[in-house]
Amino acid sequence: MEALYATTTGLLAACGVYLTLRGRTFPVVVGLTLLSYSVNLFLFSMGGLAMHGNPAVVGAGTPAADPLPQALVLTAIVIGFAMTAFVVILAMRARGDLGSDHVNGNRLDVSREDGK
Amino acid sequence: MIKKRSRLLPTPMLSVLLLIVWLMLQNSVAPGQLLLGAVLAIAIPMLTYRFWEPQPDLQKPWRLISYFLRVIMDIIIANLQVSLLILNPRAKFRPAFVHYPLELEEKFPITLLASTITLTPGTVSAYLTLDGRHLIIHALDVEDEQELIDEIRQRYERPLKEIFEC
Amino acid sequence: MPTWFYPVLEGVIAFFLVAGGIFAFIGSLGLTHLKDFYMRLHGPSKTTTLGVGCVLMASMIYFRATTGHFSFQEMLITIFLFITAPATAHLLSKAALHQKLVADIRTRNVPDQLETASEPDEANAQQTESRLP
Amino acid sequence: MTLLLIVLLPLLGALVPLMARNLPRGRLAWLTAVAPAIALGIAVFHLGDVFAGQTPQFHLPWISELGLDLALRFDGLSALFVLLILGIGLLIILYSRYYLSGEDSLARLYSFLMLFMTAMIGIVMADNLLLMWVFWELTSLTSFLLIGYWYQLSEARKGARMALTVTGAGGLALLAGILVIGHIVGSYQFDDVLAAADQIRSSELYPVVLVLVLLGAFTKSAQFPFQFWLPHAMSAPTPVSAFLHSATMVKAGVFLLARMHPILSGTDLWFYIVSFTGLATLLYGAWFALMKQDLKGVLAFSTISHLGLITLLFGFNSQMAAVAGLLHIINHATFKASLFMAAGIVDHECGTRDIRKLNGLYRYMPHTTILAMVASASMAGVPLLNGFLSKEMFFAESLDAQLLGGLSWLIPALATLGGILSVAYSLRFIHDVFFNGEPKDLPKTPHEPPRYMKLPIEILVLICLLVGILPSLVIKDLLVSASASVLAGPVPEFSLAIWHGFNVPLMMSGIALAGGVGVYALRHHLYSFQRQFRARNALLVFEANIQRLVNLAERSMDSFENGSLQRYMLWLLLTALLFVGIGLLAVPQLSGEFEQQPFDAMLLTGAVITGLAGLGTAITHRKRIVSLLMLSVVGLMTSLAFARFAAPDLALTQLAVEVVTMILLMLALFFLPQRTPKESSARRIMRDVLLASAFGVVIASLNFAILTRPVESISDFFMANAVSGGGGHNVVNVILVDFRGFDTLGEITVLGIAGLAIFKLLNRLRLFMPSSDLDGRSWSPDRHPMILATVSQTLLPLALLVSVYIFLRGHNEPGGGFIAGLVTAVAIILLYIARGVDWTQRWLRFPYQPVAAAGVLIAGLTGAGSWMFGYPFLTSSFGHFTIPVIGEIELATALLFDLGVYLTVVGATLMILANLGKLTTPHRPTKEKS
Amino acid sequence: MLDIALWISIALFAASLMLNVFRLAIGPDLPDRILAVDTMYVNSIALIVLFGIQLNSKAYFEAALLIAMLGFVSTVAVCKYLLRGDIIE
């Protein structure tokens with residue numbers, strides 16, 4: 001089961017990174033969100049995966065899940081949202097002001113292969 | 001015909017519903033929860049009442065309950081029918097769009113009617129015209145539209161009209 | 001509780017679980033096999049919702065049996081579902097009609113010309129200078 | 001303490017001219033001279049016990065962790081150099097008072113000179129190698145300032161820059177050498193280094209140390225490969241050339257050789273490098289001194305040649321050679337300084353330094369001519385002058401240098417050749433300038449310089465004569481004590497007598513004198529021969545190299561940083577992969593000792609669906625709305641995974657955040673192009689795929705490695721006293737709100753700031769609104785579908801109820817401020833979507849910024865509240881109160897803190913989404929469609 | 001007897017999820033894909049409740065409740081996007 005979990009996290013990370021390598025702001029943002037999902041899964045699994053564990057609530061059964069990574073990931077998710085929002089709106093502002101949503105440094109909107 | 005709303009309990013029905021939901025959420029009828037539920041049941045409608053569409057008042061709540069029961073029964077039958085239709089590979093569907101002139105005016109009953117139509121056998125309320133007069137229904141398997149229209153009017157629209165309007 | 005009661009209860013729960021599963025499966029099956037979008041819409045809006053309803057009923061009874069008092073939360077979820085499912089179905093079909101998805105040839109009187117906007121649509125393409133209040 | 005004064009006085013002296021700059025020149029000169037004069041007095045005072053063999057020291061810890069202390073020593077070698085520096089310094093101060101023309105600021109020159117003097121004294125008296133290096137770099141800096149004194153002249157600026165680059169680079173090499181020595185010896189104090197001399201010589205790092213230290217010395221003393229900067233340093237005013245580039249600064253390199261002599265010398269490597277460089281420089285300098293047309297150029301190259309001679313002397317591993325070297329240091333300083341000053345006078349009087357124009361000046365300035373003749377005779381090694389003594393010793397030493405085996409005779413021969421050339425250019429300096437016909441079109445008619453301008457030259461010439469005639473009386477004991485510190489042992493008995501009877505060295509100096517006159521006579525042939533070579537101006541070559549270096553740097557920077565995020569991501573990922581990859585390679589076996597837990601059908605389906613959805617997002621990224629849908633599926637499956645692995649809190653948050661992100665991205669998508677044109681070439685896609693998959697593989701293996709290894713979790717502390725400490729059963733919420741309350745406070749502030757930043761960013765945003773959707777269909781007329789409106793209206797109270805429910809139970813069961821806040825935000829957003837901005841605006845009249853601010857405030861105040869009870873910030877307290885009717889309620893301050901969190905989350909989320917949504921509304925006609 | 005039923009039900013829901021993914025991948029037009037995603041939300045509610053029964057803990061009802069509510073909101077948002085482009089007007 002650990003292998004399955006690890007492969008999924010790896011796959012998500014790979015797709016996320018592939019998207020961030022694209023030349024336009026929107027795929028980069030989507031890529032970052034995907035990457036943050038995979039990182040959250042990764043961090044969550046630091047406390048070990050409780051197959052039959054109970055939620056980290058006192059009195060909810062002995063093999064409780066590890067509450068600390070959960071707390072960290074919870075904070076990560078919320079802050080992740082705030083930052084994604086900021087980046088998206090930065091992208092919109094860039095498009096509004098610069099007229100192109102390229103990230104590879106070329107100005108005009110025509111798609112010129114650049115920024116090898 | 002909407003009577004003056006009392007300041008404290010703008011929509012009595014909604015407050016009662018909220019109280020019941022709160023108790024369901026808490027899964028307990030302890031006095032503390034009851035009090036808290038009551039407080040919330042009054043506070044939330046008060047917060048949202050000022051911009052509430054004036055809703056027709058419930059004339060006969062008991063008819064609504066019987067209406068719901070009948071709808072539930074229809075849903076179960078509908079699902080069995082649709083399942084059979086989907087399952088047998090050689091099913092020959094006769095899908096059709098049906099223009100259904102609405103007699104109801106108020107928004108809430110119309111929504112209720114549209115929901116029941118979607119949930120009941122073989123019909124989905126596909127489109128509501130802008131002026132709220134016509135409802136286009138997509139039926140999975142129907143021979144004669146007029147017969148479907150009469151059946152819907154007879155089974156659902158008339159009771160709703162009774163409950164809400166007259 | 002009399003001894004014969006538990007196996008019956010378990011039976012009922014098992015029945016509801018399996019029925020729910022079957023209904024959901026049929027719903028998805030309909031979703032995959034039916035020809036055009038409008039026919040596919042019937043599956044999930046009806047059967048899947050009922051399937052999930054049955055599962056919720058099963059869990060209600062299950063927790064009634066194990067913890068001794070009725071838990072109404074499942075009831076609340078079912079209510080939520082039965083309110084939202086038709087709304088989504090309606091919106092989806094409205095979007096489909098708007099996109100003029102081609103319906104199966106056998107469907108009769110397909111509404112081809114939906115009402116056009118009564119007045120020119122104000123969202124014409126012009127540079128908007130947005131001043132936030 | 002008095003040693004420190006010797007260094008401090010010139011330093012303070014640097015301020016004196018600046019403060020007294022608008023005094024008349026005479027009084028300014030005297031005032032400046034006071035500080036070095038006192039320092040000279042102190043030095044002379046200490047001479048007594050230096051000659052008696054003691055070495056007064058002074059130690060003040062400065063940066064002891066680096067091994068750098070303010071440690072000074074005053075041994076024989078230091079005494080010799082200090083006398084040289086201060087003595088000639090005083091003369092230069094007097095001389096430049098007359099030399100500088102009216103508009104040049106004398107005060108600035110004096111302050112630079114004083115700074116330079118401090119640096120030089122610092123070098124020679126430093127007892128700590130690092131301290132010596134600090135002063136070493138200070139000399140480079142001050143020489144840069146001094147060479148560039150006439151900053152309006154371009155070649156002055158270029159020369160200064162070149163000098164700084166070369167001597168600076170040498171300084172760096174020296175630092176490296178000192179650090180290696182420190183590494184070997186363990187301390188930078190000179191005595192410890194001296195004691196560990198054999199250890200250094202035998203260590204395998206010795207060649208490295210030797211080369212580095214010699215690099216420092218050779219660049220400073222303008223030895224052969226690095227001599228090109230000295231001629232171009234002549235664009236400095238002549239007093240500077242006289243002081244820096246003859247007597248002191250270039251001597252620093254040779255001083256380093258002398259100081260390091262007991263530590264590094266004695267090995268064959270030392271002999272080969274040092275003497276060969278010295279020999280080459282000797283000949284190179286002598287030859288070009290003959291060729292140069294500029295008066296100061298001749299002197300510059302002769303300085304190079306004489307420095308080469310001293311280095312050669314230090315190169316012979318014999319003790320007498322070192323003594324000869326020290327003697328020549330003194331002699332060269334005296335006659336070269338006076339020659340430079342003479343050249344200064346000629347330049348000052350005639351306005352030009354071009355030898356071709358200067359002829360027969362003895363008629364105009366007979367007194368200067370005599371002084372110049374004595375000085376240059378001393379340079380040529382004419383007997384009865386100090387030059388002759390050290391040249392004699394030099395010839396004697398070159399005779400018994402045996403290290404070249406069969407070819408050892410070559411060294412005396414080349415020494416004699418050097419002697420011949422030096423006599424030739426000394427002769428040229430006198431004859432060609434002061435005799436040899438009439439001066440041709442001089443800008444100014446020459447005449448005798450002012451009386452006191454010649455005084456310094458007279459003093460120096462007097463010293464040359466004194467040392468030449470009575471050597472043992474004047475400098476014997478100074479030379480003995482200096483050699484003692486250089487040889488770090490007993491000094492061999494030597495006689496400084498003028499006459500040693502007829503022996504081979506005397507014969508060699510005779511040949512040198514005769515040959516010199518002959519070579520001078522044939523000089524025109526040499527000139528024509530020299531003209532065939534292309535004259536390469538070192539300045540241009542140097543500038544060209546620097547420019548080539550700058551272009552190379554620019555090109556590499558452009559290829560590295562071209563404003564493309566893709567490029568930066570590429571480098572970022574490659575480095576990350578590299579380091580993590582190396583780490584993973586080091587792990588012997590990926591899977592730890594835990595064997596894997598079994599998985600059931602549901603987990604497999606979940607994993608497969610997440611994988612497919614992730615791939616779908618990547619593959620369909622050009623059809624943006626589809627990739628968004630795939631993203632939402634990934635989000636859903638992630639929250640299912642959290643639920644499956646017993647983290648209900650996370651599942652709730654993930655769901656809520658995922659929906660809000662979806663809405664946010666769709667809001668943004670409306671204004672961004674709906675579809676991305678295909679623009680990446682196949683090669684680029686291939687590269688990205690490879691890179692991304694490599695990254696994925698690394699993450700997967702990392703995760704697998706950690707999962708299958710034991711977890712030393714620290715969370716049993718939290719589990720244990722969540723109830724007692726935080727008063728709640730839901731440990732995750734207790735951690736968030738109580739144990740790590742401060743972190744959560746910071747986090748909600750970030751949330752608030754993000755909301756505000758976005759609010760500001762959206763202001764005056766000029767956006768292009770598409771008039772129709774992707775395939776040209778115009779937007780549907782029905783802005784707010786009626787059924788959606790009613791349904792969302794009925795849902796709103798239920799949703800608010802649910803969010804209150806989640807909020808209240810947060811402390812004991814899954815729930816809490818974050819989730820409740822998000823649920824409320826989603827409910828309100830649903831209303832925005834269904835009923836539009838105007839309707840919701842009327843309902844929610846308050847703007848969202850105050851809500852977020854209030855949230856942060858409440859959280860902060862609850863934290864601060866505990867101060868009032870004397871507890872540290874953010875300690876929470878809780879109590880159980882039983883109210884008769886309601887029964888037992890548990891109230892905790894954490895609840896208030898959670899309320900703060902709730903309000904901030906609602907405020908920030910709505911600030912972000914509502915403002916984004918409102919972008920278009922001001923331009924919609926407000927009449928509501930029925 | 002209960003475990004077998006539970007296991008069958010989970011298998012069925014997993015199968016229906018896979019079918020939804022199939023429709024999501026294949027779906028010729030956007031509405032099909034949205035329908036697929038919406039059905040996945042509904043199916044995942046059932047799955048969460050089944051987890052609850054399997055792990056015999058009541059902590060999962062909030063998650064199910066939230067999925068029901070939020071699934072609706074995201075589908076509505078996407079449909080509004082298709083209809084009007086600008087979600088919040």
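So you know, we letter chains A, B, ... as the sequences are listed, proteins then strands, and number each from 1. Since this is a predicted model, take the numbers as computed values, not measurements.
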### Query
Is D:M602 close to E:L17 at the side-chain level, that is, under 4.5 Å between some pair of heavy atoms?
yes
### Task
With the side chain counted from C-beta on, respond yes when D:L798 and E:M69 share a heavy-atom pair under 4.5 Å apart, and no when they do not.
no
### Query
What part of E:L82 is in contact with chain D, defined as an atom under 4.5 angstrom from a non-hydrogen atom: side chain, backbone, both or neither?
backbone
### Task
Would you mind checking which part of E:A77 comes under 4.5 Å of any heavy atom in chain D, side chain (CB onward), backbone (N, CA, C, O), both or neither?
both
Under a 4.5 Å heavy-atom cutoff, which of [options] has the most pairs with chain E?
options                        : result
D:L612, D:V626, D:D649, D:V660 : D:V626
D:L667, D:I663, D:V608         : D:L667
D:M630, D:M662, D:M637, D:M666 : D:M666
D:T605, D:V659, D:V791         : D:V659
D:T840, D:V823, D:I806         : D:V823

Give, for atom [atom1] of [X] and atom [atom2] of [Y], the distance between the pair rounded to the nearest 0.5 Å.
X      : Y      : atom1 : atom2 : value
E:L70  : D:L636 : CG    : CG    : 10.5 Å
E:L66  : D:I819 : CG    : CD1   : 8.0 Å
D:F670 : E:K80  : CZ    : NZ    : 10.5 Å
E:Y81  : D:L628 : OH    : CG    : 8.0 Å

### Task
Return yes if some donor-acceptor pair links the side-chain N/O of E:Y60 with the main-chain N/O of D:P648 below 3.5 Å, else return no.
no
## Note on the structure
Heavy-atom closest pair (D:L788 atom, E:F72 atom, distance to 0.1 Å) is CD1-CZ, 4.0 Å
### Message
Please find the pair of heavy atoms, one from E:M40 and one from D:I609, that lie closest to each other, and give the distance.
### Response
CE-CG2, 3.7 Å
Which bit of [X] comes within less than 4.5 Å of chain E, counting heavy atoms only: side chain, backbone, both or neither?
X      : value
D:Y805 : side chain
D:A656 : both
D:A646 : both

### Query
E:I48, E:L30, E:L55, E:L65: which one forms the most heavy-atom pairs within less than 4.5 Å of chain D?
E:L30
### Query
Based on non-hydrogen pairs under 4.5 Å, which of E:V78, E:I34, E:I10 is most in contact with chain D?
E:V78
### Message
The criterion is side chain to side chain contact (heavy atoms under 4.5 Å, CB included); which residues satisfy it with E:V37, sequence neighbours excluded?
### Response
D:L629, D:S632, D:V633, E:L24, E:Y41
